[in-house]
**Student:** 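Below you will find the structure I want to go over with you.
The figures here come from the full heavy-atom set of this structure, side chains too, leaving out hydrogens, waters and symmetry mates. We're numbering straight along the sequence, starting at 1.
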Amino acid sequence: MKVLLLGSTGYIGKIFAQKLKNFVTIPYKNIGIRSLLKSWTETQFDTIINCAGFVGRPNVDAVERNKESAITGNVLLPSILGEFLSITKDVRLMHVSTGCCYESSENQIFTENDNPNLDWSSSKSCSFYSGSKSLAEKVLQKQKKVYISRLRMPFDEKDCDRNYISKLINYDKLLSIPNSLSHTDDFTDSCLSLLKKSAPFGTYNVVNTGYIDAEEICSMIKRYTNIKKDFKFYDDLEEFYFDTRSFPRSNCQLSNQKLIDAGIEIRNVRDAVRDSLINWT
């Protein structure tokens, strides 16, 4: 497997880079049909892993203030990759997407067969981030040799501003709703296993098994680390939005049964959170 890794310096891209070791890449600002064809001619890569895209900092609210960058990174770039696939035919693509294209009502669990309910065609309360990522999926689903791997609220044992556990530790007040999560190593290992197994193309919810809320994770933080913060929680979504004035957020529970049926083993979310906290750095 010869890999072109896009977004190799990002949060998830760095982890792919460590695991792949040997790969080629193109700087984000230089990605286009000509640069892709030039790299393919020179290296004959057969697989593209796309981790590039625009994610707001410190959270997705920043996307609302940088819509042009979001369209460029989250819609135009995948469109270019789709066009490249139609030209080359023999190259396959793994596109890192997001589970933030769904919003669950109580006990509602989504599979890959469910159309996103946070996209510009079906939701008036869709955030720009969710809308841009959902549109990218629609564009790429037209191609034959594509894996769409949905990442959801990533976390691991390394404290950083992209880590969901770090966010819980640093926020003054938290919203606690059951969600699907993706451990970064479990996510990248699962994606690479899909490629190595030549699993059927399509969309996969690459999330740890089960669902967990912020309150349970905070309880585990106190149990397994030296952090003794007095965590505070909002009573409900209405209070959260009133207090934070945030743009719409995604809270959802995703089934990973399709991933498991493809022969990919992945940990329970509670085991992954516990191990991350025991090894917290």
**Student:** Is there a path of hydrophobic side-chain contacts, each under 4.5 Å between heavy atoms of I/L/V/M/F/W/Y residues, joining Tyr129 to Leu76?
**Tutor:**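 Cluster IDs for Leu76 and Tyr129 differ.
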**Student:** What's the separation between atom CG in Asn268 and atom CG in Asn208, rounded to the nearest 0.5 Å?
**Tutor:**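 Rounded to the nearest 0.5 Å, the CG-CG separation comes out at 7.5 Å.
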**Student:** I need the Ile71 CD1 to Ser132 OG distance, nearest 0.5 Å.
**Tutor:**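 Between atom CD1 of Ile71 and atom OG of Ser132 there are 6.0 Å.
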**Student:** Taking C-beta and beyond as the side chain, do Val3 and Leu195 meet within less than 4.5 Å on heavy atoms?
**Tutor:**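 A side-chain contact is absent here, since even the closest heavy-atom pair is not under 4.5 Å.
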**Student:** Check whether any side-chain heavy atom of Ile221 lies under 4.5 Å from a side-chain heavy atom of Lys229, and answer yes or no.
**Tutor:**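 A side-chain contact is absent here, since even the closest heavy-atom pair is not under 4.5 Å.
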**Student:** Would you call Glu137 and Lys133 a salt bridge, using N to O less than 4.0 angstrom?
**Tutor:**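 Salt bridge: no.
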**Student:** Can you name the nearest heavy-atom pair linking Arg152 to Val207, along with the distance?
**Tutor:**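 Looking at all heavy atoms of both residues, the shortest contact is CB-CG1, 3.6 Å.
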**Student:** Compare all side-chain heavy atoms of Ser121 with those of Lys138 and state whether any distance is below 4.5 angstrom.
**Tutor:**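 Yes; the side chains approach each other to less than 4.5 Å.
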**Student:** Given 3.5 Å as the limit, does a donor-acceptor pair link the side chain of Thr188 with the main chain of Asp185, or not?
**Tutor:**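 Side chain of Thr188 to backbone of Asp185, a donor-acceptor pair under 3.5 Å: yes, one is there.
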**Student:** I'd like to know if Arg150 pairs up with Glu112 as an ion pair, taking the criterion as any Lys NZ or Arg NE/NH1/NH2 lying under 4.0 Å from an Asp or Glu carboxylate oxygen.
**Tutor:**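 Answer for the salt bridge query: no.
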**Student:** Side chains of Val273 and Glu216: does their closest heavy-atom pair fall under 4.5 Å?
**Tutor:**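 The answer is no; the side chains never approach within 4.5 Å.
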**Student:** So do the side chains of Val91 and Leu93 get within less than 4.5 Å of each other, counting heavy atoms only?
**Tutor:**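 Counting from C-beta outward, Val91 and Leu93 never come under 4.5 Å.
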**Student:** More than 12 heavy atoms of other residues, nucleotides or ligands under 6.0 Å from NZ of Lys167: yes or no?
**Tutor:**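 Buried by this count: over 12 neighbours within 6.0 Å.
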**Student:** Examine Tyr164 and Leu174 and state if one hydrophobic cluster contains both, with Ile, Leu, Val, Met, Phe, Trp and Tyr joined whenever side-chain heavy atoms are less than 4.5 Å apart.
**Tutor:**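 Cluster IDs for Tyr164 and Leu174 match.
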**Student:** Start with the C-alpha distance between Asn256 and Ile264, add both sets of side-chain angles, then the distance that settles side chain to side chain contact (heavy atoms under 4.5 Å, CB included), and finish with yes or no.
**Tutor:** CA-CA 10 Å; Asn256 65 359; Ile264 310 300; over 6 Å; no
**Student:** Mind checking who shares a hydrophobic cluster with Ile260, ILVMFWY linked at side-chain heavy-atom distances under 4.5 Å?
**Tutor:**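 Traced through the cluster, Ile260 reaches no other member.
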**Student:** Treating Ile, Leu, Val, Met, Phe, Trp and Tyr as nodes and any side-chain heavy-atom pair under 4.5 angstrom as an edge, say whether Leu259 and Val96 lie in one connected cluster.
**Tutor:**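 Same cluster: Leu259 reaches Val96 through Ile, Leu, Val, Met, Phe, Trp or Tyr contacts under 4.5 Å.
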**Student:** Any side-chain heavy atom of Thr25 within less than 4.5 Å of one from Thr9?
**Tutor:**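 When only atoms from C-beta onward are counted, Thr9 and Thr25 do not touch, as no gap falls below 4.5 Å.
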**Student:** Does atom NZ (Lys29) have a neighbourhood of more than 12 heavy atoms from anything else shown, all under 6.0 Å?
**Tutor:**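 Open.
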**Student:** Would one find more than 12 heavy atoms of other residues, nucleotides or ligands at under 6.0 Å from atom CD of Gln44?
**Tutor:**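 Yes, enclosed.
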**Student:** What orientation do His183 and Phe155 show, parallel under 30°, tilted 30 to 60°, or perpendicular over 60°?
**Tutor:**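 Because their plane-to-plane angle is over 60°, the rings of His183 and Phe155 count as perpendicular.
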**Student:** Counting only heavy atoms from other residues, nucleotides and ligands, does the tally under 6.0 Å from NZ of Lys19 exceed 12?
**Tutor:**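 Yes.
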**Student:** What closest approach, in Å, do Ser127 and Trp120 show between heavy atoms, and which atom pair accounts for it?
**Tutor:**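 Scanning both residues completely, I find the closest heavy atoms to be O-NE1, 4.1 Å.
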**Student:** Once you round to the nearest 0.5 Å, how far does OG1 of Thr88 lie from CG of Leu36?
**Tutor:**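 Here the rounded value is 9.0 Å.
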**Student:** Angle between ring planes, Phe16 versus Phe187, binned at 30° and 60°: parallel, tilted or perpendicular?
**Tutor:**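 It falls in the perpendicular class, over 60°.
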**Student:** Grab the two heavy atoms, one from His95 and one from Ala136, that are nearest each other, plus how far apart they are.
**Tutor:**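 Nearest heavy atoms, His95 then Ala136: NE2-CB, 4.3 Å.
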**Student:** Give me the one residue out of Ile165, Ile217, Asp186 that meets side-chain contact (heavy atoms from CB on, under 4.5 Å) with Leu181.
**Tutor:**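 The option that passes is Ile217.
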**Student:** With distance as the sole test, does Asp159 use its side chain to make a donor-acceptor pair with the main-chain N or O of Thr281 at under 3.5 Å?
**Tutor:**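 Judged by distance alone, no pair lies under 3.5 Å.
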**Student:** Look at the side-chain heavy atoms of Ile, Leu, Val, Met, Phe, Trp and Tyr, link any pair under 4.5 Å apart, and say whether Val75 and Ile80 land in one connected group.
**Tutor:**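 No.
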**Student:** For the side chain of Gln143 and the backbone of Gly82, is there at least one donor-acceptor N/O pair under 3.5 Å apart?
**Tutor:**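 A pair under 3.5 Å: yes.
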**Student:** Once you round to the nearest 0.5 Å, how far does CD of Gln141 lie from CZ of Phe201?
**Tutor:**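 Result: 14.5 Å between the selected atoms.
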**Student:** Same cluster or not: are Tyr211 and Met153 linked, directly or through other Ile, Leu, Val, Met, Phe, Trp or Tyr residues, by side-chain heavy atoms under 4.5 angstrom apart?
**Tutor:**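 Result: no, two separate clusters.
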**Student:** Could you tell me whether the side chain of Glu103 and the main chain of Asn251 form a donor-acceptor pair under 3.5 Å?
**Tutor:**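 Flag set: sc Glu103 to bb Asn251 pair under 3.5 Å.
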**Student:** Taking NZ, NE, NH1 and NH2 as the nitrogens, is one of them in Asp271 or Arg274 under 4.0 Å from a carboxylate oxygen of the other?
**Tutor:**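 Salt bridge: yes.
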**Student:** Hey, is CG on Asp261 packed in by over 12 heavy atoms from elsewhere, all under 6.0 Å?
**Tutor:**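 Yes.
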**Student:** Hey, does the side chain of Ser35 reach the backbone of Asn30 with a donor-acceptor pair shorter than 3.5 angstrom?
**Tutor:**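 Such a contact is found between Ser35 side chain and Asn30 backbone.
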**Student:** Keeping the roles fixed (side chain from Asn163, backbone from Lys158), state whether a donor-acceptor pair exists under 3.5 Å.
**Tutor:**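 Yes: the side chain of Asn163 pairs with the backbone of Lys158.
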**Student:** Testing the basics here: between Gly7 and Cys51, what is the closest heavy-atom pair and its distance to 0.1 Å?
**Tutor:**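 Minimum heavy-atom separation between Gly7 and Cys51: O-CB, 4.0 Å.
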**Student:** So, Asp156 and Thr184: side-chain donor and acceptor under 3.5 Å apart, yes or no?
**Tutor:**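 Distance-only check passes for Asp156 and Thr184.
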**Student:** Quick one: pull up CD1 in Ile227 and NZ in Lys222 and give me the separation to the nearest 0.5 Å.
**Tutor:**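 Ile227 CD1 to Lys222 NZ: 11.5 Å, rounded to 0.5 Å.
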**Student:** With no hydrogens and no angle check, is any side-chain donor or acceptor of Thr225 less than 3.5 Å from a backbone partner on Leu277?
**Tutor:**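 Not a single qualifying donor-acceptor pair exists.
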**Student:** How about Leu237 and Ile177: do any of their side-chain heavy atoms sit closer than 4.5 Å?
**Tutor:**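 Touching, per the 4.5 Å side-chain cut-off.
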**Student:** How far apart are the closest heavy atoms of Ser182 and Val206, and which atoms are they?
**Tutor:**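 Distance-wise, the nearest heavy atoms are OG-O, 2.8 Å.
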**Student:** State, with a plain yes or no, whether a side-chain heavy atom of Ile48 is found less than 4.5 Å away from one of Trp40.
**Tutor:**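 A side-chain contact is absent here, since even the closest heavy-atom pair is not under 4.5 Å.
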**Student:** Apply side chain to side chain contact (heavy atoms under 4.5 Å, CB included) to the pair Thr47 and Lys2, showing each step before the final yes or no.
**Tutor:** CA-CA 6 Å; Thr47 302; Lys2 296 181 180 180; over 6 Å; no
**Student:** Tell me whether the rings of Tyr147 and Tyr204 are parallel (<30°), tilted (30 to 60°) or perpendicular (>60°).
**Tutor:**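 Ring orientation, 0 to 90° scale: tilted.
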**Student:** Which residue pairs satisfy the salt bridge (Lys or Arg N to Asp or Glu O under 4.0 Å) criterion with at least one member in residues 78-96, sequence neighbours excluded?
**Tutor:**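 Listed once each, the pairs would be none.
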**Student:** Could you tell me whether a side-chain N or O of Glu64 sits under 3.5 Å from a main-chain N or O of Phe128, the two making a donor and an acceptor?
**Tutor:**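 Present.
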**Student:** Under the side chain to side chain contact (heavy atoms under 4.5 Å, CB included) criterion, do Phe84 and Ile33 qualify, and how do the steps go?
**Tutor:** CA-CA 6 Å; Phe84 174 76; Ile33 293 297; 4.1 Å; yes
**Student:** Could you go through the side chain to side chain contact (heavy atoms under 4.5 Å, CB included) check for Arg270 and Ile212 one step at a time?
**Tutor:** CA-CA 7 Å; Arg270 287 174 177 80; Ile212 193 168; 3.9 Å; yes
**Student:** May I ask you to decide if Phe54's main-chain N or O and Asn74's side chain share a donor-acceptor pair within less than 3.5 Å?
**Tutor:**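 Indeed, once roles are kept as given, a pair shorter than 3.5 Å links the two residues.
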**Student:** If you round to the nearest 0.5 Å, how far is CG of Leu194 from CG of Asp189?
**Tutor:**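 Interatomic distance, Asp189 CG to Leu194 CG, rounded to 0.5 Å: 11.0 Å.
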**Student:** Val24 and Ser39: which non-hydrogen atoms are nearest, and at how many Å?
**Tutor:**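 Looking at all heavy atoms of both residues, the closest pair is CG2-OG, 4.2 Å.
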**Student:** Other residues, nucleotides and ligands only: do more than 12 of their heavy atoms fall within 6.0 Å of CD on Gln257?
**Tutor:**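 For Gln257, atom CD is crowded (more than 12 foreign heavy atoms under 6.0 Å).
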**Student:** Are any side-chain N or O atoms of Ser134 and backbone N or O atoms of Leu118, one a donor and one an acceptor, separated by less than 3.5 Å?
**Tutor:**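 Side chain of Ser134 to backbone of Leu118: a pair is present.
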